[in-house]
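Data block below; observations after.
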Amino acid sequence: MLIYNTLTKRKEEFIPINPPKVTMYMCGPTVYDYFHIGNARSFIMADIVRRYLQFKGFQVKLVINITDVDDKIIKKSNDEKKPAEEIAGFYSQAFFEDLERLKVKPADFYPKATLHLAEMIEVIKELESKGIAYNIDGNVFYDVSKFDTYGKLSGKNLDELEAGARVDVNEKKKNPLDFSLWKRAKEGEMCWDSPWGIGRPGWHIECSAMSTKHLGRSIDIHAGGNDLIFPHHENEIAQSEAAFEQKFVRYWMHFGFLNIQNEKMSKSLGNFFTARDVQQKYSAEAIRLFFAQTNYGGPLNFSDELLGAAQKGTEKIINFAERLEEEITKESSGNFYPNFDVKKFFGEFEKVMDDDFNTPQAVALIFDFIRSANKIISENDNIQKEFYLELKSFLKKTAEDILGIVHLDELKKPPMFFLENDLINLLINIRENLKKEKNYTMADLIRNKLHEMGIILQDSKTGTTFKRK
RNA sequence: GGCGCUGUACCCAAGCGGCUUAAGGGGAAGGUCUGCAAAACCUUUAUUCGUCGGUUCGAAUCCGACCGGCGCCUCCA
């Protein structure tokens with residue numbers, strides 16, 4: 001299979017270091033606020049990548065870090081007059097809750113920065129001993145001029161960056177591009193002891209330290225949003241490769257932004273919706289379908305209209321799944337097995353997903369599948385149960401297990417109380433008789449009233465069925 | 001200024017040299033079924049892929065120029 005590698009700007013054959021093991025690291029949240037629906041795009045797409053790799057037989061170990069020491073957390077802590085630990089704890093919890101609601105499978109491990117001070121200090125010491133880091137008054141900086149290939153990920157070179165001049169010529173750094181490894185403590189901030197005095201770690205060092213500790217010095221996949229390419233990931237490479245003298249990451253994957261009216265959704269611009277709020281209005285499946293319908297790397301606009309379209313799309317899948325379920329749970333089975341090549345759809349699905357996780361085509365294929373299957377079901381009435389089971393199996397493996405755009409077990413909402421089904425069936429029977437007497441006014445009244453209550457009746461040749469909204 | 005992404009139907013979006021005289025979703029219109037709905041299915045909705053040139057037997061796909069939109073270069077998925 002192929003993966004687009006930001007480092008080489010090409011799709012490359014995916015060959016992990018120790019197959020079938022795959023190590024995957026993703027830059028997680030800084031826990032100072034709820035994450036927004038743009039952040040959700042990255043987490044969901046990484047989730048799909050991970051699930052697909054598992055489907056392909058890889059044993060994926062996924063690590064997502066939690067940044068719980070950072071300027072913004074400190075600021076919020078000061079603003080709200082609460083301890084930084086409390087802020088971080090609260091929003092980490094919210095992070096996990098939101099991911100769960102988005103049906104994102106938990107990572108294997110969520111390391112916290114504040115629990116890895118020793119590891120970070122070790123890396124900084126290593127860099128210092130190699131003459132790559134320098135200490136000025138308890139602030140330790142990384143000397144980018146000491147790392148030959150600095151800029152290789154983001155396609156920048158040092159001269160241009162310096163000429164760019166948007167970088168603050170700050171403090172006593174040798175070079176404006178040098179970045180903080182260790183920051184000297186200011187009054188009232190969270191801080192730790194270190195060989196350079198009391199202070200706290202810079203942002204980039206945590207990912208180098210934690211990915212190394214939990215996944216090893218070389219990892220297969222490192223993922224994150226586009227905005228992390230520079231400087232964050234560039235700096236991670238500089239730190240890890242200078243310290244450990246081996247290739248840090250084989251495949252760099254980056255996710256495109258979610259835009260609002262063609263502008264990047266971001267906290268600083270204030271044009272964001274939290275994932276939480278969006279989930280109030282749209283199902284996790286709809287949100288996932290919305291993201292899966294476009295390639296992960298490019299920009300994508302967010303709007304109510306587009307989410308609504310995706311929600312409709314999921315309903316189409318659900319209607320199909322319910323139709324299958326109905327046939328499967330029937331007592332009787334026909335004896336006709338249609339000539340319908342489910343394997344071919346499977347092969348196509350795998351083929352497009354193998355090509356750098358082409359989820360839009362995978363989704364298109366699922367809709368093709370549904371249309372073809374619906375047609376066959378409508379045209380034949382003596383179909384074997386095994387056929388429905390095979391259709392269901394395809395839907396489960398592709399749409400549920402890999403993409404997470406439908407969840408078959410959740411289709412049947414539980415009755416509100418145990419008599420409910422019986423009562424509805426009673427009404428359906430009464431209505432059947434009314435229809436026979438051509439008393440359509442009353443029949444429609446029953447249907448409309450039930451609809452208002454969230455019960456949808458559907459007539460067909462074989463009788464009336466109902467479902468809940 | 002540097003680097004990168006992007007421009008395909010009413011909206012979203014895939015395709016990235018011949019399998020495509022351009023997938024899929026949403027919307028709209030017509031039809032089948034139905035007492036009517038709903039669901040489902042069928043048909044229609046881009047002779048054309050920002051513009052202009054070039055390469056090629058062949059281009060939405062490659063090259064060049066131009067015109068738009070966006071991002072990164074500063075914390076941000």
Side-chain angles (χ1 to χ4, degrees), chain A residues 6 9 26-30 32-33 35-46 70-72 75 151 154-157 159-168 170 176-177 203 223-232 234 254-259 262-269 272 289-290 292-295 297-301 303 305-317 319-320 322-323 352 358-368 370-379 435 438-441 443-444 447-448 451 456-461 464-465 467:
Chain A
T6 311
K9 296 185 178 59
M26 169 151 189
C27 289
T30 300
Y32 72 102
D33 200 352
F35 69 85
H36 62 64
I37 191 68
N39 304 123
R41 183 183 185 189
S42 293
F43 295 122
I44 286 172
M45 293 319 289
D70 166 89
D71 289 349
K72 277 179 264 190
K75 182 175 184 301
S154 51
K156 300 177 189 306
N157 69 57
D159 298 338
E160 284 164 359
L161 279 170
E162 286 172 38
R166 275 185 69 187
V167 189
D168 277 345
N170 142 305
L177 292 168
W203 174 39
N226 257 329
D227 47 0
L228 296 181
I229 295 173
F230 191 90
H232 185 53
E234 196 69 72
H254 290 98
F255 306 111
F257 297 129
L258 193 61
N259 293 339
N262 285 325
E263 264 199 337
K264 177 185 174 184
M265 181 185 291
S266 80
K267 295 208 173 138
S268 9
L269 288 173
F272 65 93
L289 176 64
F290 172 61
Q293 271 178 315
T294 177
N295 280 322
L300 172 64
N301 262 308
S303 76
E305 191 193 353
L306 297 173
L307 259 292
Q311 186 79 53
K312 287 264 175 62
T314 60
E315 279 161 23
K316 193 165 183 172
I317 302 172
N319 283 331
F320 175 69
E322 281 176 340
R323 187 174 194 179
V352 299
N358 194 325
T359 54
Q361 293 210 47
V363 167
L365 213 57
I366 289 171
F367 281 111
D368 273 341
I370 289 174
R371 185 163 18 79
S372 310
N374 263 325
K375 192 172 180 184
I376 282 182
I377 295 170
S378 301
E379 287 170 355
K435 280 168 67 183
K438 301 213 187 297
N439 186 345
Y440 296 120
T441 318
D444 288 351
R447 186 172 62 195
N448 292 339
H451 188 96
I456 296 165
L457 298 192
Q458 298 189 333
D459 296 334
S460 73
K461 278 182 206 159
T464 301
T465 58
K467 64 180 186 180

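Please read these numbers as outputs of a predicted model, since none were measured by experiment. So you know, we letter chains A, B, ... as the sequences are listed, proteins then strands, and number each from 1. Note that these values count all heavy atoms, side chains included, but never hydrogens, waters or copies made by symmetry.
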- Task: Check for a donor-acceptor pair, side chain of A:N301 on one end and backbone N or O of A:N262 on the other, with a separation under 3.5 Å.
- Result: yes
- CG of A:L177 to CD of A:E234: how many Å apart, nearest 0.5 Å? 10.5 Å
- Query: If we ignore angles and hydrogens, is there a donor and acceptor under 3.5 Å between the side chains of A:T465 and A:R323?
  - Reply: no
- Message: Among B:rA40, B:rC73, B:rG35, which nucleotide has an atom closest to any side-chain atom of A:D444?
- Response: B:rG35
- Query: Given atom CG of A:N374 and atom P of B:rA39, what is their separation to the nearest angstrom?
  - Reply: 12 Å
- Task: Classify the nucleic acid contact of A:S460 as base, sugar-phosphate or nothing, counting any heavy atom under 4.0 Å across all strands shown.
- Result: nothing
- Query: Under a 4.5 Å cut-off applied to non-hydrogen side-chain atoms, are A:T359 and A:M45 in contact?
  - Reply: yes
- Message: Can you measure A:N448 atom CG to B:rA38 atom C1' for me and round it to whole angstrom units?
- Response: 11 Å
- Selection from B:rG71, B:rC11, B:rC72 that lies nearest to any side-chain heavy atom of A:E263: B:rG71
- Task: Quickly work out the A:Q293 CD to B:rG27 C1' distance and round it to whole Å.
- Result: 14 Å
- Using atom C1' of each nucleotide, how far apart are B:rG53 and B:rC11 to the nearest Å? 32 Å
- Under 4.0 Å between a side-chain N/O of A:K438 and OP1 or OP2 of B:rC36, yes or no? no
- Indicate, with a heavy-atom threshold strictly under 4.0 Å, whether A:L457 touches base, sugar-phosphate, or nothing. base
- Item | Selection from B:rG24, B:rA40, B:rC72 that lies nearest to any side-chain heavy atom of A:K264 | B:rC72
- Query: With a 4.0 Å cut-off on heavy atoms, is A:M265 in touch with a base, just the backbone sugar-phosphate, or nothing at all?
  - Reply: base
- To the nearest Å, how far apart are A:H36 NE2 and B:rC75 P? 16 Å
- B:rC73 and B:rC57: how far apart are their P atoms, nearest whole angstrom? 46 Å
- When we call it a touch if two heavy atoms are under 4.0 Å apart, what does A:K312 touch: a base, just sugar-phosphate, or nothing? sugar-phosphate
- Pick base, sugar-phosphate or nothing for A:A309, based on heavy-atom distances below 4.0 Å to the nucleic acid. sugar-phosphate
- What nucleotide among B:rC72, B:rA38, B:rA40 has an atom nearest to a side-chain atom of A:Q458? B:rA38
- Message: Can you see if the side chain of A:N295 gets near the phosphate of B:rA14 - specifically, an N or O under 4.0 Å from OP1 or OP2?
- Response: yes
- Think A:N358 has a side-chain N or O under 4.0 angstrom from the OP1 or OP2 of B:rG15? yes
- If the C1' atom of B:rU32 is compared with that of B:rC16, how far apart are they to the nearest Å? 39 Å
- Rounding to a whole Å, what distance do you find between A:D368:CG and B:rC41:P? 11 Å
- Query: Under 4.0 Å: is that the gap between some side-chain N or O of A:N259 and OP1 or OP2 of B:rC70?
  - Reply: no
- Item | Rounded distance in Å between the P positions of B:rC3 and B:rC42 | 50 Å
- Shortest side-chain distance from A:T294, nucleotide among B:rA13, B:rG71, B:rA40: B:rA13
- Can you tell me, in whole Å, how much space there is between the P of B:rU61 and that of B:rU56? 16 Å
- Item | P-based separation of B:rG27 from B:rG1 [nearest Å] | 44 Å
- Item | A:K375 NZ - B:rC33 P separation (whole Å) | 16 Å
- Message: According to side chain to side chain contact (heavy atoms under 4.5 Å, CB included), who are the partners of A:T294, at least two apart in sequence or on a separate chain?
- Response: A:R41, A:L300
- Message: Output the pairing pattern of RNA chain B as a dot-bracket string, 5' first, Watson-Crick or G-U wobble with both distances under 3.5 Å, | for cross-strand pairs, [ ] for crossing pairs.
- Response: (((((((..(((.....[.....)))((((((.......))))))....(((((..]....))))))))))))....
- Task: Using the P atom as the reference point in each nucleotide, state the distance between B:rC62 and B:rG15 in Å, no decimals.
- Result: 12 Å
- Shortest side-chain distance from A:R447, nucleotide among B:rC72, B:rA37, B:rG25: B:rA37
- Note on the structure: Among B:rC5, B:rC75, B:rA38, the one nearest any side-chain atom of A:K72 is B:rC75
- May I ask you to decide if A:G298's main-chain N or O and A:N295's side chain share a donor-acceptor pair within less than 3.5 Å? no
- Query: Any idea which heavy atoms bring A:A223 and A:F255 closest together, and the distance?
  - Reply: CB-CE1, 3.9 Å
- Would you check if A:Y440 stacks with the base of B:rG35, given a 5.5 Å centroid limit and a 30° plane limit, both strict? yes
- note: A:F230, atom CZ; B:rC75, atom C1'; distance rounded to Å ~ 13 Å
- Query: Between B:rG17 and B:rC63, how far is it from one C1' atom to the other, in whole Å?
  - Reply: 13 Å
- Query: With a non-hydrogen cut-off below 4.0 angstrom, is A:D459 in contact with a base, only sugar-phosphate, or nothing?
  - Reply: base
- Backbone N or O of A:H36 within a donor-acceptor pair of the A:N39 side chain at under 3.5 Å? yes
- Just say parallel, tilted or perpendicular for the rings of A:F35 and A:F43, cut-offs at 30° and 60°. perpendicular
- To the nearest Å, give me how far apart CG (A:L307) and P (B:rG27) are. 14 Å
- Message: By nearest atom, which of the nucleotides B:rA40, B:rG15, B:rG24 is closest to the A:R323 side chain?
- Response: B:rA40
